[in-house]
Protein chains: 2
Amino acid sequence: MRPNKRDELVRKALQVFYRDGFHATGMDKLVVETGVSKTSMYKHFRTKEELILAALQLRDENFRKWFLQRVDELSDTPAEQLIASFDVLGEWFQEDSFRGCMFIKAGAEYQEQDHPIHVQAAEHKHLMLEFLTDLARKAGARDPDALGCQLLLLQEGAIVTAVLVKSCDPARDAKAAAQVLLDNVLA
Amino acid sequence: MRPNKRDELVRKALQVFYRDGFHATGMDKLVVETGVSKTSMYKHFRTKEELILAALQLRDENFRKWFLQRVDELSDTPAEQLIASFDVLGEWFQEDSFRGCMFIKAGAEYQEQDHPIHVQAAEHKHLMLEFLTDLARKAGARDPDALGCQLLLLQEGAIVTAVLVKSCDPARDAKAAAQVLLDNVLA
DNA sequence: TTGAATGTGTACAGATCGGTAACCTTTTTC
DNA sequence: GAAAAAGGTTACCGATCTGTACACATTCAA
């Protein structure tokens, strides 16, 4: 593999960006944390922004692959998988390294609608929405688009709440709410 | 009023922080945007962090006052007010200056659980949760805490989605979901 | 064996970061 | 009217920011 170091740079940079934030992470810190020299970084990526975009892309691939696989492992039918997705969220929340959703944070730090980082964050959310909408359709929901959106709201809300509100168990509450919404639409 | 300029400084700083983010807003930019000299700033606030905390406190007061008042104007009964709160969210989303929830962003930029800014962001969310839980109790919900949490999830999710997902109408979808959850618990 | 490609270390440029010192002007208060 | 509080101006500190220049080491393939 030629671009070996490059992949490792992106992998480690992703961890630091996720842990500390984007503006709060300087290139010098990345040199220390990744062990890759600054000169090499700027040979692979012309700007910090390009490195962030690469990290976000990797995060999207890793996260969605893990998420979809776990959902698939937990349940068989589309309806059950929609519910199981909230158990997967719960698993995520309990990881030590959990620090909220990287794409929500990216969209928050780069707010301009047409900023490449904001756009990429939005694309991830669209893919997650698509996943839910597809399952809703396969489950036979009356209005799959509406149900998909509503379940996405619950998921996003659960993620944000898991970060900020310690008095809640967002994964449990969201799962219960999702069950009610699903029953209401399938019955 | 003695601390007149101070209040105006906080008011304008709040706008800039909300628009551009915290790390992305330097004190020099604040000098230009607020018209207050840097020396004056540092006479009122010893650090940038103190200024951010003051801005967040003002935001909490302003936002909650506005939100609760609008909910009260739109409906009379607790159950109706729970639903109406999603219409108020919709009004917020359509403001030109809407840039998401300042406290979600604050919690995202300052992730350490015990960081003063993170703590203050969490307090705002707890107050919003309390508001919903109280209404749920008055509305006669079976488990007001659970319903309050679930409605909070929908609200937080709607805010995040309003920022990142343009193909949805989060306020409408969240309102419909809230109605289902409410009916399920009151019936 | 030569020569790209790919890597590193170091030093630096120019801007900006949060924060301060010293001095002057305006406004308020007694 | 004088003292004192508050605000402004200018210049600066050391640190850090993104990004670059240059010289040197490693790998690997023709």
Side-chain angles (χ1 to χ4, degrees), chain A residues 1-58 105-106 108-112 115-118 120, chain B residues 1-58 105-106 108-112 115-118 120:
Chain A
M1 270 297 157
R2 201 94 67 348
N4 212 344
K5 287 269 167 155
R6 185 195 140 114
D7 290 353
E8 190 161 326
L9 162 62
V10 176
R11 232 195 59 237
K12 292 187 176 173
L14 165 57
Q15 292 178 8
V16 182
F17 282 135
Y18 180 58
R19 168 162 45 86
D20 297 343
F22 301 98
H23 285 99
T25 299
M27 298 302 271
D28 292 299
K29 185 197 283 184
L30 286 179
V31 169
V32 175
E33 300 248 8
T34 67
V36 178
S37 70
K38 206 194 269 196
T39 330
S40 291
M41 287 185 181
Y42 278 99
K43 270 175 187 156
H44 288 302
F45 304 97
R46 282 180 309 175
T47 62
K48 179 185 181 183
E49 183 180 310
E50 282 190 10
L51 176 57
I52 293 178
L53 288 172
L56 286 178
Q57 184 176 337
L58 178 61
K105 296 194 287 190
E109 285 203 51
Y110 302 89
Q111 308 199 66
E112 302 116 87
H115 191 294
I117 294 178
H118 190 101
Q120 188 150 336
Chain B
M1 272 295 160
R2 198 96 66 346
N4 213 343
K5 287 268 168 158
R6 185 197 140 115
D7 290 352
E8 190 160 325
L9 161 63
V10 176
R11 231 195 60 236
K12 290 187 177 171
L14 164 57
Q15 292 178 8
V16 182
F17 282 134
Y18 181 58
R19 166 162 47 84
D20 298 343
F22 301 98
H23 285 98
T25 299
M27 298 302 274
D28 293 297
K29 185 198 281 183
L30 286 180
V31 170
V32 175
E33 300 250 7
T34 66
V36 177
S37 71
K38 207 193 265 199
T39 2
S40 291
M41 286 185 180
Y42 278 98
K43 271 172 188 159
H44 288 302
F45 304 97
R46 281 180 311 175
T47 63
K48 179 185 181 183
E49 184 180 310
E50 282 191 10
L51 176 57
I52 293 178
L53 288 172
L56 285 178
Q57 184 175 337
L58 177 62
K105 296 194 287 188
E109 286 203 49
Y110 301 89
Q111 308 197 64
E112 303 117 87
H115 192 295
I117 294 177
H118 190 101
Q120 188 151 337

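Quantities reported herein were computed from a predicted structural model and do not represent experimental measurements. Sequence lines set the chain letters: A, B, ... in the order given, protein chains first and strands last, and positions in each chain run from 1.
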In whole angstroms, the gap separating C1' of C/dG18 from CE of B/M41 amounts to 12 Å
Using side-chain contact (heavy atoms from CB on, under 4.5 Å) as the criterion, list what pairs up with B/A108, not counting sequence neighbours.
A/K105
Donor-acceptor pair, A/Q111 side chain versus B/Y18 backbone, under 3.5 Å?
yes
Residue-level proximity of residues 20-35 of chain A to DNA chain D when a heavy atom falls under 4.0 Å:
A/T25, A/G26, A/M27, A/D28
Who pairs with A/F17 by side-chain contact (heavy atoms from CB on, under 4.5 Å), at least two apart in sequence or on another chain?
A/A13, A/F22, A/T25, A/L30, A/K48, A/L51, A/I52, A/A55, A/M102
Would you mind reading off the distance between A/D7 atom CG and C/dT6 atom P, rounded to a whole angstrom?
13 Å
For A/R19, check side-chain contact (heavy atoms from CB on, under 4.5 Å) against everything at least two apart and list the hits.
A/V16, A/E33, A/R99
Would you say A/S37 reaches C/dG9's phosphate, i.e. side-chain N/O to OP1/OP2 under 4.0 Å?
no
Take nucleotides 22-27 of chain C nucleotide by nucleotide from the 5' end and write B, S or -, depending on whether a protein heavy atom sits under 4.0 Å from the base, only from the sugar-phosphate, or from neither.
B-----
With sequence neighbours excluded, residues passing salt bridge (charged side-chain N to carboxylate O under 4.0 Å, His left out) with B/K43
none
Hits for side chain to side chain donor-acceptor pair (under 3.5 Å) against B/T47, two or more places apart or cross-chain, chain-then-number order -> none
Are OP1 or OP2 of D/dA6 and a side-chain N or O of B/H44 less than 4.0 angstrom apart?
no
Got a donor-acceptor pair under 3.5 Å from the side chain of B/K38 to the base of C/dG19?
yes
Side-chain N or O of A/Y42 versus OP1/OP2 of D/dG19: is the shortest distance under 4.0 Å?
yes
Starting from P on D/dG8, measure out to CZ on B/R6 and report it in whole angstrom.
15 Å
Listed by chain and number, what are the side chain to side chain donor-acceptor pair (under 3.5 Å) partners of B/H23, not counting sequence neighbours?
B/E109
Can you name the salt bridge (charged side-chain N to carboxylate O under 4.0 Å, His left out) partners of B/E50, sequence neighbours left out?
B/R46
Rounded distance (Å) that lies between atom P of D/dG7 and atom CZ of B/F45:
11 Å
